[in-house]
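See below for the structure under consideration.
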There are 2 protein chains.
Amino acid sequence: MSVQERKERERAGRERLILATARELAEQQGWDAVTTRRLAERIEYSQPVLYSHFRGKREIIGAVALVGAAEMAASLRAAARAADGPRARVTALARAYLDFAERNPAVYDAMFRLDGGLAFANEDTPEPLQDAFAALLESLGEVAGDGVHPALFTEVFWAALHGLATLTRAGRLPPEETERRAELLVDRLALV
Amino acid sequence: MSVQERKERERAGRERLILATARELAEQQGWDAVTTRRLAERIEYSQPVLYSHFRGKREIIGAVALVGAAEMAASLRAAARAADGPRARVTALARAYLDFAERNPAVYDAMFRLDGGLAFANEDTPEPLQDAFAALLESLGEVAGDGVHPALFTEVFWAALHGLATLTRAGRLPPEETERRAELLVDRLALV
DNA sequence: CTCGATTGTCTAGCAATGCTAGGATCGAGT
DNA sequence: ACTCGATCCTAGCATTGCTAGACAATCGAG
């Protein structure tokens, strides 16, 4: 059995290598530059190897998205934990979210802009994505206000952050005032 | 000179045909299905003809985006005009925006999600895009609140709407509660 | 009316893309 | 040492955006 175990270990290692390489390449040159050929060349295997791990490029994007979701959830929780009081937590949360999107644009795209073949908004949604939403909910639920469903409030807040992140990165909004926009958003949306 | 004029008229007509066809195809099957070959076939010309009107696919997307922006601006203004009072205007505006995005997903993508090679957030921004933003500003400026820059407020509001529109359409948010989310957004962001 | 030139259009082709079939190679277990 | 299955690669397909160069239609001058 040891032989089989070793093989599985090697396989898992190579899968991590593929994902790390895809992510790195995407961050460096954008997802368009992540072609199966280039990716295969960088991991020093031929293209068909990729297809023994993933169904195709879409699934690779999806896998990177899941890794990113876990990271984002951790970042959000860390930021919330470091802040005192509900209001400060929300501010920190918003900053952390926008910061993550700015620092990991390719991963963010994989999560929310590209089609990674992932299920959303239903029971089939992969755990890391549900957990990232939960991380938002934990801090936002307490400032939703009476009579407002926490999940609905979180969705709206999230959508606003998502809009700011994507429009800014696409050059639709001047980046200089990101901070002021985030402040305004928190000021209005968070009740005390 | 009349000959030349006729040719220019025909040329302009064909350009409109290209754009209308591209838009129709994109709305029916998505922008991925808008290939130069398919597009050329539908307009009953060969592919190179497309390149005598536009630099490439990107520029076609950009041109569709401009047409869409003009339409959206008109829709937003019509909705605002039909409402009484600042608060009702904002509600109507939000509804009209989300409605436009839902009814013209391909055009919306061309405007805000895809790369149409257009300039944004600077003085080179094409007029229709500036005007669409102006249409938002007209109704939103009056509910920004004291001491809040109207343009900044509009950007935040717009980003929130954009987030709702894109996340909903990408299946990230369940569509049933769109209306409630929009209400919550207006409730919180618009000051009276 | 004819002819040359210009304008316009098409056929054919390039390189790059995602993906796959089929054969070669390597190694585990007898 | 040998067999057989798993593993990997070479080669290739269809499709994409885009372009070069040949061909045809049309216009203006004589």
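Side-chain atoms are counted along with the backbone in the values below, which use heavy atoms only and exclude waters and symmetry mates.
Under the salt bridge (charged side-chain N to carboxylate O under 4.0 Å, His left out) criterion, the residue pairs touching residues 149-159 of chain A are A:Glu155-B:Arg181, with sequence neighbours excluded. The list of salt bridge (charged side-chain N to carboxylate O under 4.0 Å, His left out) pairs with a residue in residues 32-44 of chain A, not counting sequence neighbours, is empty. Among residue pairs with one or both ends in residues 85-97 of chain B, those qualifying as salt bridge (charged side-chain N to carboxylate O under 4.0 Å, His left out) are B:Arg87-B:Asp187, B:Arg89-B:Glu142, B:Arg95-B:Glu179; sequence neighbours excluded.
One can place CG of B:Leu50 at 15 Å from C1' of C:dT11, the figure rounded to the nearest angstrom. Distance, B:Glu41 CD to C:dT9 P: 18 Å, rounded to whole Å. Distance OH (B:Tyr45) to P (C:dC10): 7 Å, rounded to an integer number of Å. Rounded to a whole Å, the CD atom of B:Glu10 is 12 Å from the C1' atom of C:dG8. As rounded to whole Å, 16 Å separates atom C1' of C:dC19 from atom NE2 of A:His53.
With sequence neighbours left out, B:Glu10 forms a salt bridge (charged side-chain N to carboxylate O under 4.0 Å, His left out) with B:Arg6. In terms of the side-chain contact (heavy atoms from CB on, under 4.5 Å) criterion, residue partners of B:Ala170 (sequence neighbours excluded) are, by chain and number, B:Arg172. Partners of B:Arg55 under the salt bridge (charged side-chain N to carboxylate O under 4.0 Å, His left out) rule, at least two apart in sequence or in another chain, are B:Glu59. Remark: A:Arg77 engages A:Asp131, A:Glu138 in a salt bridge (charged side-chain N to carboxylate O under 4.0 Å, His left out) (not counting sequence neighbours).
In this structure, A:Arg11 reaches neither bases nor backbone, as no heavy-atom distance under 4.0 Å exists between it and the strands shown.
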How does protein reach along nucleotides 16-22 of chain D, written 5' to 3' as B (base within reach of a heavy atom under 4.0 Å), S (only sugar-phosphate), or - (no contact)?
BBBBB--
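Within residues 111-119 of chain A, no residue has any heavy atom under 4.0 Å from DNA chain C.
In this structure, A:Phe112 and A:Phe120 have tilted ring planes: the angle between them lies in the 30° to 60° band.
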